[in-house]
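Reviewing the structure listed below.
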Amino acid sequence: MKLGGRMLGVLLCGLGRAGGTRTFSSWPPHSPLTGLLSAAELVGHWTAVFEERGIPEARQSSEYIIAHVLGAKTFQNLRPALRSQPLSPPQLGRIQELSSQRLQRMPVQYILGEWDFRDLTLKMAPPVFIPRPETEELVTWVLEEEARRPHAGNAEGSPLILEVGCGSGAIALSLLSQLPQSRAVAMDKGEAAVCLAQENAQRLQLQHRIQIVLCDVTLERNWAPLLPWGPVDLLVSNPPYLSHQDMGQLAPEICSYEDPAALDGGKEGMDVIVHILALAPLLLKDSGSLFLEVDPRHPGLVGSWLQSRPGLGLHLVAVRRDFCGRPRFLHIRRSGPQRGCTVDTSPRLQLAPVPG
């Protein structure tokens, strides 16, 4: 069952919202609950506590926590009898423990330790970036465009995918799960992200089709080891794209727990994006595609940047809006001879063959 990703809008889509850090340690811990209480009564209790303390999405937070302790993904998935029967003291204690973490503004995704991204359940752990609902739309667009590609759907047309800034591995693993003959390379500059993406690949039994590496795309000295992996069919990224000014307006759930390096894109939010654009001609095959998730202010900036550098052979072919109507996703296609890649006789990627 799909977790309600869009329900926790403030937690997931709050980038750029006002709400700086606040000290929560001064709040007195809530007194332990006593007596025989049902799950429904606990939802009401913790909703009131969260609302009193100014916790966003108070009811949804309480429902997710209580459902999790009772072995379900959502409160709606609980059997009616389970909602009304009294909880045991250990269950009450566990709910109190997790709810106390929410009072400290820890995101629900970290509290539960997992979250759904499209059809996959991924492990979540701080400080690795939590995938947002918009990024699911990016994956959907990539899959739609891949379905239109000649030879799509057979082994000869199986794409090789590179994800830059993989975080939990959400994008690459989702694409692998939907493209059974595909392979992927995923890179991130954070060790915690690389370890979490590897764990998620193993949990989903996709580890033989993906190579996850520690690499900072903004350091050009790191590009040379990437070249033997090319040419790739698809380059996909949800890079850091917030400006320095935006970073100062993040909600406590974000600025206190998630890695700022996964969010901060520099003065205009373009610092990492331009490095990806510069790398793309070195790795993409002719007619290969680059898909980016960006800030709504960026499509025009990216278009102008590419037009001023015709030698890259990259062309912005489409801009797509997210579910809120904001221009959020870019499709860039490469044309012309591949730049800077010498012929290499080594295997493109050391991965086990996909079972037939």
Side-chain angles (χ1 to χ4, degrees), residues 3 5-27 29 49-58 60-62 64-65 98-115 117 122-136 164-168 170-171 188-197 216 218 237-273 293-298 322 324 326 328:
L3 287 172
R6 295 185 186 176
M7 295 175 65
L8 296 178
V10 174
L11 305 185
L12 293 174
C13 304
L15 301 183
R17 294 174 180 263
T21 58
R22 177 180 174 186
T23 301
F24 304 103
S25 59
S26 60
W27 286 345
V49 172
F50 290 157
E51 288 176 345
E52 178 187 350
R53 303 288 175 83
I55 303 301
E57 305 289 353
Q60 290 91 335
S61 295
S62 63
Y64 275 124
I65 289 170
L98 299 184
S99 297
S100 296
Q101 293 177 356
R102 186 71 190 101
L103 288 173
Q104 296 297 318
R105 302 299 287 265
M106 178 179 282
V108 169
Q109 294 85 348
Y110 291 153
I111 294 172
L112 304 185
E114 64 179 27
W115 199 250
F117 183 85
L122 301 172
K123 180 178 179 180
M124 292 289 134
V128 181
F129 186 72
I130 299 169
R132 269 62 175 175
E134 291 94 333
T135 307
E136 298 189 14
V164 176
C166 64
S168 63
I171 293 175
D188 200 289
K189 69 176 183 179
E191 292 185 13
V194 168
C195 291
L196 184 60
D216 185 348
T218 66
S237 182
N238 175 21
Y241 57 69
L242 295 186
S243 68
H244 286 323
Q245 183 177 358
D246 293 333
M247 292 294 295
Q249 301 175 7
L250 294 177
E253 283 82 356
I254 299 170
C255 62
S256 297
Y257 291 94
E258 293 189 80
D259 182 3
L263 299 162
D264 192 345
K267 183 178 180 180
E268 294 184 312
M270 288 277 291
D271 285 6
V272 180
I273 292 172
E293 178 178 335
V294 298
D295 184 270
R297 296 168 292 189
H298 286 154
D322 63 18
C324 295
R326 299 166 296 193
R328 177 72 69 179

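Since this is a predicted model, take the numbers as computed values, not measurements. Counting begins at 1 with the first residue of the sequence.
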- May I ask you to check whether E268 and S243 show a side-chain donor-acceptor distance below 3.5 Å? no
| query | Got a donor-acceptor contact below 3.5 angstrom from the R102 side chain to the V108 backbone? | reply | no
**Asked** In terms of side-chain geometry, is the basic nitrogen of R105 or E57 positioned less than 4.0 Å from the acidic oxygen of its partner?
**Response** no
Legend entry - Close side-chain approach of Y241 and R328, heavy atoms under 4.5 Å: yes
Interatomic distance, CG@D295 vs CE@M270, rounded to 0.5 Å, equals 10.5 Å
ask   = Is there side-chain contact between Y257 and P127, with heavy atoms separated by less than 4.5 Å?
value = no
d(I111 CD1, S99 OG) to nearest 0.5 Å is 7.5 Å
*Test Q101 against M106 for side chain to side chain contact (heavy atoms under 4.5 Å, CB included), laying out the working first.*
CA-CA 6 Å; Q101 293 177 356; M106 178 179 282; 3.8 Å; yes
Heavy-atom side-chain contact between L112 and Y64 under 4.5 Å:
yes
Test item: S168 side-chain N/O and A197 main-chain N/O as donor-acceptor pair under 3.5 Å
no
Sorted by chain and residue number, the salt bridge (charged side-chain N to carboxylate O under 4.0 Å, His left out) partners of D259 (sequence neighbours excluded) come out as none
ask   = Between the side chain of R132 and the main-chain N/O of I130, is any donor-acceptor distance below 3.5 Å?
value = yes
Correct closest heavy-atom pair for P131 and F117 would be CB-CD1, 3.6 Å
So do M247 and P260 actually touch side chain to side chain, heavy atoms under 4.5 Å?
-> yes
Here the pair of heavy atoms bringing P239 nearest to E293 is CD-O, 3.3 Å
Q: For residues K123 and L196, determine if any side-chain heavy atom of one lies less than 4.5 Å from a side-chain heavy atom of the other.
A: yes
* Asked: Do R326 and E134 have side chains that get closer than 4.5 Å, going by heavy atoms?
  -> yes
Rounded to the nearest 0.5 angstrom, the OG-CG distance for S256 and L250 is 9.5 Å
**Item:** Whether Y110 side chain and V128 backbone form a donor-acceptor pair below 3.5 Å
**Value:** yes
Would you say the side chain of E258 lies within less than 4.5 Å of the side chain of P126, judging by non-hydrogen atoms? no
| Do the side chains of W115 and L122 get nearer than 4.5 Å, heavy atoms only? | no
Point to revise | D246 bridged to R297 by N-O distance under 4.0 Å | key: yes
Residues L103 and F50: closest non-hydrogen pair is CD2-CD2, 3.7 Å
Under a 3.5 Å distance rule, please check whether D188 uses its side chain to pair with a backbone N or O of A193 as donor and acceptor.
no
**Study point:** Chi angles and distances behind the side chain to side chain contact (heavy atoms under 4.5 Å, CB included) call for D264, L242
**Key:** CA-CA 5 Å; D264 192 345; L242 295 186; 5.9 Å; no
Separation between CG (N238) and OG1 (T135), nearest 0.5 Å, reads 4.0 Å
